[in-house]
2 protein chains.
Amino acid sequence: MILVKDAKDIILNSAYNFGVEEVPFLKSVGRILKENILADRDFPPFNRVSMDGICIDFNAFKNGQGDFKVEGIQAAGIEQMTLQNKENCIEVMTGAVLPNNANTVIRYEDVTLKNGIATININKINDCQNVHAKGKDRKVDDVLISENKIISAAEIGVLATVGKSTVKVAKQPKVMIVSTGDELVGVNEIPLKHQIRRSNVFTLVSLLERLKISSDTAHITDDKPILKQKIKGFLKDYDVLLFSGAVSKGKYDFLPEVFEELGIEKLFHKVAQRPGKPFFYGKTNECNIFGFPGNPISTFVNCLAYFYPWYYKSTGLETEEETAILGENVSFKPNLEFFLQVKLKSKFGHLVAFPVKGNGSGDLASLVNADAFIQLPNDKTEFKTGENYPIIRYR
Amino acid sequence: MILVKDAKDIILNSAYNFGVEEVPFLKSVGRILKENILADRDFPPFNRVSMDGICIDFNAFKNGQGDFKVEGIQAAGIEQMTLQNKENCIEVMTGAVLPNNANTVIRYEDVTLKNGIATININKINDCQNVHAKGKDRKVDDVLISENKIISAAEIGVLATVGKSTVKVAKQPKVMIVSTGDELVGVNEIPLKHQIRRSNVFTLVSLLERLKISSDTAHITDDKPILKQKIKGFLKDYDVLLFSGAVSKGKYDFLPEVFEELGIEKLFHKVAQRPGKPFFYGKTNECNIFGFPGNPISTFVNCLAYFYPWYYKSTGLETEEETAILGENVSFKPNLEFFLQVKLKSKFGHLVAFPVKGNGSGDLASLVNADAFIQLPNDKTEFKTGENYPIIRYR
């Protein structure tokens, strides 16, 4: 049995670069960017009018002029005009190019327009006001988005602005999710008294969809030759196999044996944690094998605590640890790291974690009332209100 | 000009119930649940073995018996067996039904099995240990998930468990996103010197996808008759219109006039905030109209600050305010509520917000370096390190 920290290190050391693919930019949300996005021109690309109003040569105003004959209108989307006489003005619209020979914009609110003459109603004007100077935000070839970032709506706007209609992102691993257990029936079936419905595969499918990974699923009965034959095929066809169940001490927990017979290198089996202790992790040259214990909460927490970091490392994403403050005392005697379900509350900028009472690792419904797991280390047994510990959010 | 708080109240008062639809459970992630999910049976549905080992009648052990003849194996997924002789045992697997006449499970680690006899190696055993009693977690007809919750991977597992292969969720509004502005060209085009590419519509599409709303988009030139004709059609066909641009004071900012001519009731135009001040909100009997200012950050923040809460209220979702602690002093003089871009850091359970320097509402790229907006009220001008304020996250 190894420590959570060591298990995580082993898994991170097995991270694997699946390469890069190009996708339409609108389909890239949630994916990990694998190229630097550069400014294709200065931003703004021209001296940009930032208020609706009139533009003038500031010197005219400085010299005491208050009335300006209107030469025309510079709308957004129109080629740059030229102020023919520096004692005149041009009406300008937000987003327009600032006309030649003008440098200062006075907004409509501070101007009276009558009979083709604009009269400025205020005494104080700043040279170059209400003009967003060319290149002020960014210069051509500046890095606007660095690679290895998760793409969100904010990045989508930038990609559109610089004309990146397709974008390079980390390729996703091909994942097969396998459930075992003869007691399991389909979601559409009515279970007999001794049966229950499959649920872990669907939880895993959803947890992977959060990472924009689409996965395949299979159910295999607790029959060793069949397990062996099917898994042999999966090892060839997939980058990652996620198992739920059949990794513990039971007579029909064939997976560890089957893995060994198929030449899967066991990197560890059993981690000093609750829930999720009988977790198996191994690999071949081409495939990573996560054998999660079959209890619903064990599968859930181990996917978050191990598969997620492995995926982030594999795709180059750097993540930051998040911590929360315990809202209640917790006592936990076993010499195991405790992943405790908590409800998070934001209070005055503090993130407070309230333990959610569950009935152990089989009580899937208790996850519904929580938002995250708080990770309580195995070298203590008493955890006090006000102490802070790392959390893993799942919503 | 109205206050942010009042603008938000007006918008929440216009929330609209779009009804309910039924979707396959695996497609329901991110949607708002519109039915209570009940336990279809007790959970566990039978006295469930929770460790691999042997089961016995506790009285035999209590009477001093240490060796138990093995009658057979109760696997998971097999009908309940019966312990024929209460001085014998049955091997049992995690997830199996506890056999009749047995009540206590001793794990393999504490037993020696030899020649069909199981010898218990420990002195202390508790009555009924390692048995997860029928109905201990939940009773039949208990509410496992209450309606009006966002469905996540945790809820997917519960839906599968109780056989909800389809589930009732809030229907999504039909949304049209319209950009205006003759300076805008497509993402695939090379803009002329006075042009820029469309980006706000795509940002809005992505922000709506976060809510699992798929939207349509259109671009209309700054031509009043064309605007009027197109919008007239949209008002019939959509529940929500989101506009970006053409709501300010410019000569070609036709939208407020067009809205009036089309009989749209103006609920407000201009909010005391920066960025995003010239925001227009109105409605007809069938349609809600959000006119966001055309600057990229104004559109972005107003979608988060107004459309999101409107959508949550419309679908019945209750949300909680999140706050963060300022990591730097901020000075902001105008009598406006300030939506300031911040980078969030988790430190010892505190959420600290560090302002991200941008160049005003046109500098879309600055959103890339931030995670959220912190909302600084308009009745103060100096905001000190350590004070906490509400935030709106966008990643």
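Reminder, nothing fancy here: chain letters follow the sequence lines and each chain counts from 1.
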Interface check, chain B: of A:Arg41, A:Glu91, A:Gln80, A:Lys193, most non-hydrogen pairs under 4.5 Å belong to A:Arg41
Comparing A:Arg198, A:Lys251, A:Met93 against chain B, the one with the most heavy-atom pairs below 4.5 Å turns out to be A:Lys251
Which portion of [X] sits near chain A, non-hydrogen atoms under 4.5 angstrom:
| X | value |
| --- | --- |
| B:Phe202 | both |
| B:Ala324 | backbone |
| B:Asp253 | side chain |
| B:Val158 | both |
| B:Tyr389 | neither |
| B:Leu184 | neither |
| B:Leu326 | neither |
| B:Val368 | both |
| B:Asp182 | both |
| B:Ile37 | neither |
| B:Phe348 | both |

Verify whether one side chain among [X] and [Y] offers a donor that lies under 3.5 Å from an acceptor in the other.
| X | Y | value |
| --- | --- | --- |
| B:Glu209 | B:Ser206 | no |
| A:Asp52 | A:Thr94 | yes |
| B:Ser346 | A:Glu321 | no |
| A:His350 | B:Asn388 | no |

Check whether [X] reaches the backbone of [Y] with its side chain - one donor and one acceptor, N or O, closer than 3.5 Å.
| X | Y | result |
| --- | --- | --- |
| B:Arg197 | B:Val185 | no |
| A:Gln74 | A:Met81 | yes |
| B:Tyr252 | B:Thr221 | no |
| B:Thr161 | B:Gly157 | yes |
| B:Glu183 | B:Gln195 | no |
| B:Asp42 | B:Lys134 | no |

Contact winner vs chain A - [options], heavy-atom pairs under 4.5 Å:
| options | answer |
| --- | --- |
| B:Val92, B:Asn188, B:Val29 | B:Asn188 |
| B:Gly294, B:Gly95, B:Pro191 | B:Pro191 |
| B:Asp222, B:Thr203, B:Leu367 | B:Thr203 |
| B:Lys164, B:Arg210, B:Glu320 | B:Glu320 |
| B:Arg395, B:Glu322, B:Glu189 | B:Arg395 |
| B:Val162, B:Val201, B:Thr166, B:Asn369 | B:Val162 |

Measure distances from [X] to the heavy atoms of chain B and classify the residue's part below 4.5 Å as side chain, backbone, both or neither.
| X | answer |
| --- | --- |
| A:Asp40 | side chain |
| A:Lys149 | side chain |
| A:Ile190 | neither |

Across all chains, not counting sequence neighbours, the ring pair (Phe, Tyr, Trp, His ring centres under 6.0 Å) partners of A:His194 are none
Salt-bridge criterion met for A:Asp110 and A:Arg107 (N-O under 4.0 Å): yes
From CA spacing to verdict: side chain to side chain contact (heavy atoms under 4.5 Å, CB included), A:Ile297, A:Ser366 = CA-CA 9 Å; A:Ile297 302 194; A:Ser366 67; 3.6 Å; yes
